[in-house]
Amino acid sequence: MKLNEIRNIAIIAHVDHGKTTLTDQLMKQCGMVEDGVTMDSNALELERGITIYSKNTSVNYKGTKINIVDTPGHADFGSEVERVLRAIDSVLLLVDAQEGPMPQTRFVLKKSLELGLKPIVVINKIDKPAANPDRVHEEVLELFMELGATDEQIDFKTIYAIGREGKAFLKLGDDSKDLTPLLDLILSDVKEASSDEDLPFQAQVFNLGYDNFLGRLAIVRVYAGSVKTGSTIIVKNADGTTRNARISKMFTFEGIARKEVESINVGDIAIIAGIPDVFIGETLCDTMLTEALPSIAIDEPTISLNFLVNDSPFAGREGKYVTSRQIRERLEKELEINVGLRISFDKPDEEEVQEGYLVYGRGELHIAILLENMRREGYELQVSQPHVIIKEENGVKLEPYEEVTIDVRTDVSGAVIEKLTSRRGMITSMHEKDGINRLLMEIPTRGLLGYRGQFVVDTKGEGLLASRFIGFKDYAGEIKKRDVGSMSSMVNGKVAAFSLWTLQERGILYVEHGDEVYEGMVIGNVTKGDEMSVNPTKGKQLSNMRSSGTDEAVNVKPPYKLSIERALEVMADDEYLEITPKNVRLRKKLLTEQDRSKAKTASGKK
């Protein structure tokens with residue numbers, strides 16, 4: 001076999017079906033990494049146990065270089081998967097041997113089939129106690145047919161695996177010690193990428209990176225020819241516009257490390273530096289005669305919210321970057337690599353300070369990850385409540401809808417159905433197996449915003465909820481989601497346990513003894529649904545007279561500590577979420593009770 005043979009594959013699946021674990025085991029078996037090294041290298045990915053950014057690696061097996069792209073499984077990062085699928089020749093579709101195909105399995109498979117890729121199906125986690133590989137195989141076959149796969153695509157190869165042990169089996173019951181059957185199948189079934197060597201250079205940008213020294217990096221797939229460092233190339237857009245650029249450095253992937261190279265050839269997945277304004281979908285070539293490749297379409301965002309300068313009484317205490325200009329620069333940098341994001345910068349300077357920047361994202365998690373990264377870098381800001389993007393076509397209001405798949409115990413399914421149908425959810429399918437109900441529902445994204453926290457409570461943490469965006473449909477009318485009010489502080493000071501002891505009967509508290517609060521800060525919710533201003537700093541009244549009940553023990557329940565995602569779920573429309581490097585606080589837009597009353601009266605008159 002030639003040493004320069006290349007195979008390009010991506011690993012796609014629903015969240016938590018074992019993509020990253022399988023990639024880690026493939027690298028380990030081929031000797032590309034040491035024990036304990038993982039593809040999920042980002043601090044947030046390690047904490048949450050999910051993949052957020054698609055990442056490239058490569059392994060050498062029997063003289064062939066196999067480029068592997070590990071993709072995110074969460075629906076909010078679907079734009080990452082869409083781009084990657086354009087750059088590879090086949091996909092490994094991982095499916096959990098117990099759960100079967102889930103919403104994101106359907107999404108990523110649909111995109112793969114549309115691009116004409118022929119997947120290799122890997123039924124993973126066959127060692128689970130409740131695993132049923134034969135049933136899952138049938139479900140996958142049904143899904144292929146449902147998504148309109150061609151005869152060739154339906155004739156897919158199936159392999160069984162235990163990802164965490166690094167074992168793959170061609171047939172159930174086979175004896176296998178490692179992933180050799182899977183690697184052999186990749187060599188035999190995935191077409192060779194390094195075939196058009198003699199044609200002029202042609203490559204397409206499918207991802208972006210950023211380096212503090214080299215600036216913007218283009219991650220490309222080479223479709224024809226080769227190019228050397230220092231060459232002048234032509235950058236073409238789908239609309240026919242062109243510009244020249246010079247390559248300053250090039251890297252290929254060796255394991256998870258970058259390796260600087262002098263030239264890249266057909267079939268390579270490589271990094272090119274030296275094109276500061278490069279964008280996803282652009283074609284790189286060395287002659288004007290080479291045609292531009294079809295552009296890469298990316299799904300639209302579904303939610304929007306404002307990013308503002310923090311103007312709370314505690315502003316500037318913890319943050320290193322607090323001004324409007326610094327927030328703008330950080331958001332512009334994020335746009336370099338985060339393609340699912342859109343930001344409106346077209347307001348005048350005075351308005352930007354007042355109203356902030358309008359940021360559009362793919363979902364709550366997508367925005368929460370950006371905010372979490374910003375606070376860890378030392379940024380301080382506040383954001384408004386997320387709203388779905390509502391369109392108007394031919395005089396009809398349209399809003400985004402999601403398909404939700406829910407697995408819950410039969411005894412709690414009633415509460416889940418009640419909550420989701422009240423949020424305009426429609427049950428499309430429901431079946432029960434082994435005491436677990438699987439519900440399929442279509443629901444407006446508006447109805448799903450802020451529900452995930454409630455779902456955890458309703459199912460006592462034992463339910464599975466996954467969703468995928470299915471498109472824009474008719475506006476569903478008003479949805480009443482919030483049946484609790486806000487409890488806000490009417491004074492500045494430190495929280496006293498004695499006050500919390502009396503307030504905890506009114507609702508759930510977000511603060512604990514010793515926390516600093518300011519007037520207008522939201523310290524909890526009110527179960528009855530009313531707005532309530534309280535004094536959480538009031539201590540016990542001390543006197544030298546004895547009375548019954550004086551020595552009662554103060555028992556305060558633990559607070560419901562706000563994270564960025566929790567706060568985005570529970571916040572109301574008249575509130576801002578204040579995010580600093582050390583704290584996440586909810587506050588009223590108008591801090592004083594008097595200002596809020598005036599605004600309410602004024603809006604009532606309108």
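- In this structure, Arg106 and Glu403 have side chains that are in contact, with non-hydrogen atoms separated by less than 4.5 Å.
- Although no hydrogens or angles enter the test, the distance criterion places no donor-acceptor pair under 3.5 Å between the side chain of Asn306 and the main chain of Gly356.
- Using a 4.5 Å cut-off on side-chain heavy atoms (C-beta onward), Leu284 and Ile247 make no contact.
- Applying the side chain to side chain donor-acceptor pair (under 3.5 Å) rule to Thr290 yields the partners Thr287; only residues at least two apart in sequence or on another chain are considered.
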Apply salt bridge (Lys or Arg N to Asp or Glu O under 4.0 Å) to Asp127 and Lys167, showing your working. CA-CA 11 Å; Asp127 56 330; Lys167 291 179 184 175; over 6 Å; no
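- Asp268 places a side-chain heavy atom less than 4.5 Å from the side chain of Lys65.
- For Ser248, there are no side chain to side chain donor-acceptor pair (under 3.5 Å) partners at least two apart in sequence or on another chain.
- Glu282 and Arg243 are joined by a salt bridge, as a carboxylate oxygen and a charged side-chain nitrogen come within less than 4.0 angstrom of each other.
- Two residues are said to be in side-chain contact when any heavy atoms from C-beta on lie closer than 4.5 Å; Lys111 and Val108 fail this criterion.
- For Phe169 and Tyr160, the distance between ring centers is not under 6.0 angstrom.
- Side-chain atoms of Thr158 never come within 3.5 Å of backbone atoms of Val121 as a donor-acceptor pair (strictly under, hydrogens ignored).
- Here the two rings, on Tyr360 and Tyr357, have centers that are 6.0 Å apart or farther.
- Between Asp89 and Arg221, at least one side-chain N (NZ, or NE/NH1/NH2) sits under 4.0 Å from a carboxylate O, which counts as a salt bridge.
- Here the side chain of Ser112 pairs no donor or acceptor atom with the backbone of Leu117 at under 3.5 angstrom.
- Note that CZ of Phe206 and CD1 of Ile219 are 6.0 Å apart. Values are rounded to the nearest 0.5 Å.
- In this structure Glu262 satisfies the side chain to side chain contact (heavy atoms under 4.5 Å, CB included) test together with Thr229, sequence neighbours excluded.
- With sequence neighbours excluded, no residue forms a salt bridge (Lys or Arg N to Asp or Glu O under 4.0 Å) with Glu380.
- One distance of note links CD1 of Ile6 with CD1 of Ile269; it measures 9.0 Å at 0.5 Å rounding.
- Counting heavy atoms from C-beta on, the side chains of Leu381 and Gln326 never come closer than 4.5 Å.
- Using a distance-only test at 3.5 Å, with no hydrogens or angles considered, no donor-acceptor pair links the side chain of Arg258 to the main chain of Phe251.
- Looking at residues two or more places apart in sequence or on another chain, you find a ring pair (Phe, Tyr, Trp, His ring centres under 6.0 Å) between Phe156 and His137, Phe144.
- With sequence neighbours left out, Glu578 forms a side chain to side chain donor-acceptor pair (under 3.5 Å) with Asn310, Ser312, Tyr518, Arg585.
- Annotation: side chain of Val322 is not in contact with side chain of Val309 (no heavy-atom distance under 4.5 Å).
- Residues Thr180 and Tyr61 meet the side-chain proximity criterion, which asks for heavy atoms closer than 4.5 Å.
- Here the CD1 atom belonging to Ile343 is positioned 4.0 Å from the CG atom belonging to Leu331, to the nearest 0.5 angstrom.
- By the 4.5 Å heavy-atom criterion applied to side chains, Glu569 and Arg452 are counted as neighbours.
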